[in-house]
Each structure stands twice: as C-alpha cells, then as structure tokens.
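This report concerns only the one structure given below.
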Amino acid sequence: MSFDRDHAPQPVLLPPTPQYATDRRDEPVTATSFNTMPTPPSDLPLLSRIQIYSTSVPKAWISPICGAGAGLASGIVTCPLDVIKTKLQAQGGFANRNKTQFQTSKQLYRGIFGTGSVIWKEEGLRGMYRGLGPMLMGYLPTWAVYLTVYENTRDYYYDQCGSWWVARCYSSLTAGACSTVLTNPIWVIKTRLMSQSTRGTTDGMRAPWHYTSTLDAARKMYRAEGMRAFYSGLTPALLGLTHVAVQFPLYEWFKMKFTGYGMGEHPKDGHSHFLGISAATFLSKVCASTATYPHEVLRTRLQTQQRQASVASSDGMRAAQQYKGVISTCRVMLAEEGWRAFYAGIGVNLVRAVPAAMTTMLTYEYLQRGIQEMQAEGAEKMKPHDGYSV
C-alpha cells in the first residue's frame, strides 16, 4: 500500500500480494512435494541452482526459517548485555535473609559498566557469554513460533473483530502464549546459567549453585527440584505478553507509516527501507520495554529461586522458600528493597533490548526479502526460454 494516496485515519489491511514467483508455493506441503523438486542442470552456476531449488520451499516454511535466523542473530549480538541484565535483576534474591536485618546496601553489581567489569575480572570472556547455548536454543524456537503464529493469525482475528489494532493485539498475545509455554524451560536454564558465578557464595550475593553446561543444569534441576522448576516464572512470563501486545502492533503501524509496507512486505524495486524498519523497531521497542519492564524482574527472581526443600542457610538451618508466586514476590521485594527493585537493570535492558529488537527485525525482514527475491529469480531461470524447464 502507499501513503501517497487517500487512506483511512487508522492503518488498513494490505491487499493480498503474491509472495512467491510461482503459484506452486501456495500448494499444501505433501509427501510428494519433494519428489517433484526441480533439478537444475549441473552446468549452471551454484547461485542459479540455489535460486531454482528455493522455488520448492513451501510458503508455510518461510516465516519459521526467517524467525529462527532472526533469533540466532539476536542471541549472538546481545548475549553479554543479557548476562549483565540478569546479574542485576537476580542479585537481590541471593542475599542472606537469616540475619536480623536485611542489608540492602550491599550490592555486588552496580550499573552496566560496573557489572561488566566484575564479570570480566572474575570470569573473562567466557563469563560474558555464559548461557549462550540455551539462549540460542530458546531464541530459535521462540521467534520461529512467534513470528509464524503472528503472521498467520492476523487476518483471522481481523475477520472476527474488524479492527486493525485489536486483531494485531490478539495475534501478539496468541503468538506470545504459544512461544512462551513451549520455551519456558529453556529460558529458566538460561537464567540459571547467566546468574551463577565462578566465585564462592559466602557473601550471600551470588547464586548458590554451579552448573557446567546446559545438560548439567537440566539434570541437576530435575533431580533436586523436580519438573516444576522448569516452569518457574511462567506466570510473570505470561503477564509479560503485554510487552509483545504493545511492541508488534506499534512496529507494524510505524513501519507502514515510514515505508508504506507491512511486516514481511517489500517493494519490488529492490529498496530495502533500512532506516524505516530501524526507526519503527526502535520506537516500538522503547515504548513496550518501558511500560512492561517489572514483569521481567519478577520472572528472573522466580526462575533463580531453588525449589528443593533441603537448601540450607549458612547457619545450618533449613532455608524457607523466599518467593511464593507473583503477588508474594511483589510484597517481599517492595518490603525489603523498595519500588526501585522492580526496575533493577532497566538501563541495561533498554541498551540490550533495542539493539536486540533491531537485529531481530532487520534480520527477519531482510531474510524475507532475500528469499522472495531468490524465488523470483529461480522462477525466471526455470522458464523455457532460458533453456530450462521443470
């Protein structure tokens, strides 16, 4: 659509546009689909053969592929900042509460650079990328599921309610719920790995566990705490769906305002709209992150709390479970640490979240554009006048 012509005050649904060079892409995936895969002559250049092969990729696979690629790129770029944010969010939950008075002034990690300096001195580069494995394991299915469900439910909800904004919000909530429930165990492991330290735990400000790998963390958590440990923090994570309900409708609205194209859509003249996509991502992410940040702190506190009944304090007494649900966690944090605790690490989060979102959306949009162009080129090379036919 174009914003040069008259339009309604609110965004409207774009008319269906051909996403692929041939109608064959819209056919359902069947067991015989791959038996009819085009086989280009071996004397063609490698790029030409790849383009021809790309025409056999079903339409339903495009969003998962692009979403997984976007999650992979985002995880690698932002892992160090995620470690810093997790340390800041979690440190108040490790304090020794068997003392007569809770000491809020004792903090190991302070600010972005202070926390990064402590991690670098104690653990080096490996500490900055602690938890990268489960982070990538989480991002790949998270974004693959989320973006696929989001793109495939927008039209359905629009048909049901007739409102552009409501349809996008419903799609965001549905996609977020599917991806959150599916990947929550991975995120718990990631948070545990990122919050631990190679130093001892005698100061009461470091995690009381040590895992050597993702599998080691999963094994120890299951043996000591049971299956419920993998769904710690699920409630605040689901509450955090308000984040995507704000971010993605805003992103799509801003992108249409700046570029005239919806999510996953691109002009045929090769214009990339880099600045428009970047600006849309920046504005939508800042709004969403600022409005919904406290749920992330609650989720981190619940995910980093051990559930085993045999955890003992430094004086040999059995330690009671500190946090018991979202409301209880809010009360304890407010009483012991004040309202500022709900925004611990928000500076790091914004510094991390904005480039993460920009990496994710730019990767997703450019992968979509690249696959569409590749399929169009492949379909063109398959025409009989090029000396090749299927």
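The figures here come from the full heavy-atom set of this structure, side chains too, leaving out hydrogens, waters and symmetry mates.
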To the nearest 0.5 Å, how far apart are [atom1] in [X] and [atom2] in [Y]?
| X | Y | atom1 | atom2 | answer |
| --- | --- | --- | --- | --- |
| Tyr146 | Ser171 | OH | OG | 8.0 Å |
| Thr142 | Leu136 | OG1 | CG | 11.0 Å |
| Ile277 | Tyr261 | CD1 | OH | 12.0 Å |
| Ile371 | Trp61 | CD1 | CH2 | 12.0 Å |
| Glu252 | Met361 | CD | CE | 9.0 Å |
| Leu362 | Glu365 | CG | CD | 8.0 Å |

Is any side-chain heavy atom of [X] less than 4.5 Å from a side-chain heavy atom of [Y]?
| X | Y | value |
| --- | --- | --- |
| Thr281 | Tyr251 | yes |
| Val145 | Leu182 | yes |
| Phe342 | Glu337 | no |
| Leu72 | Thr363 | no |
| Tyr139 | Trp187 | yes |
| Met263 | Arg154 | yes |
| Ser179 | Val149 | no |

Connected via hydrophobic side-chain network under 4.5 Å: [X] and [Y]:
| X | Y | answer |
| --- | --- | --- |
| Tyr211 | Ile189 | yes |
| Trp143 | Ile76 | yes |
| Val118 | Leu81 | yes |
| Met221 | Tyr231 | yes |
| Phe254 | Trp165 | yes |

Any side-chain donor paired with an acceptor under 3.5 Å for [X] and [Y]?
| X | Y | result |
| --- | --- | --- |
| Gln372 | His266 | no |
| Glu123 | Tyr129 | no |
| Gln247 | Ser284 | no |
| Thr259 | His273 | no |

Would you name the heavy atoms of [X] and [Y] that are closest together and state the gap between them?
| X | Y | value |
| --- | --- | --- |
| Leu147 | Gly67 | CD1-CA, 3.7 Å |
| Ala229 | Val188 | O-CG1, 3.5 Å |
| Tyr150 | Ser172 | CE1-OG, 3.3 Å |
| Val244 | Pro249 | O-CD, 3.5 Å |
| Ile186 | Met137 | CD1-O, 3.6 Å |
| Ala279 | Phe258 | CB-CE1, 3.8 Å |

Are the side chain of [X] and the backbone N or O of [Y] linked by a donor-acceptor pair below 3.5 Å?
| X | Y | answer |
| --- | --- | --- |
| Arg301 | Thr329 | no |
| Ser289 | Val286 | no |
| Asn184 | Thr180 | no |
| Glu265 | Gly262 | yes |
| Thr153 | Tyr156 | no |
| Ser54 | Gln51 | yes |
| Ser74 | Ala70 | no |

side-chain contact (heavy atoms from CB on, under 4.5 Å) evaluation trace for Leu132 with Leu193: CA-CA 9 Å; Leu132 178 62; Leu193 286 169; over 6 Å; no
side-chain contact (heavy atoms from CB on, under 4.5 Å) between Cys330 and Leu334, worked out: CA-CA 6 Å; Cys330 289; Leu334 190 62; over 6 Å; no
Check Lys285, His295, Glu296 against His243 for a side-chain hydrogen bond (donor to acceptor under 3.5 Å, both in side chains) and give me the one that passes. Lys285
Scan residues 63-83 for pairs that pass salt bridge (Lys or Arg N to Asp or Glu O under 4.0 Å), counting only residues two or more places apart or in two chains. Asp82-Lys85, Asp82-Lys190, Asp82-Arg352
Is the number of heavy atoms from other residues, nucleotides or ligands under 6.0 Å of Phe282 CZ greater than 12? no
Within a reach of under 6.0 Å around OH of Tyr170, are more than 12 heavy atoms found that belong to other residues, nucleotides or ligands? no
Scan the side chains in residues 234-242 for donor-acceptor partners under 3.5 Å anywhere in the protein, sequence neighbours excluded, and list what turns up.
unit_1	atom_1	unit_2	atom_2	d
Thr242	OG1	Leu239	O	3.0

Between Lys381 and Glu377 (salt bridge meaning N to carboxylate O under 4.0 Å), is one present in this structure? yes
Answer yes or no: is there an ion pair linking Arg192 with Glu225, defined by an N-O contact shorter than 4.0 Å? yes
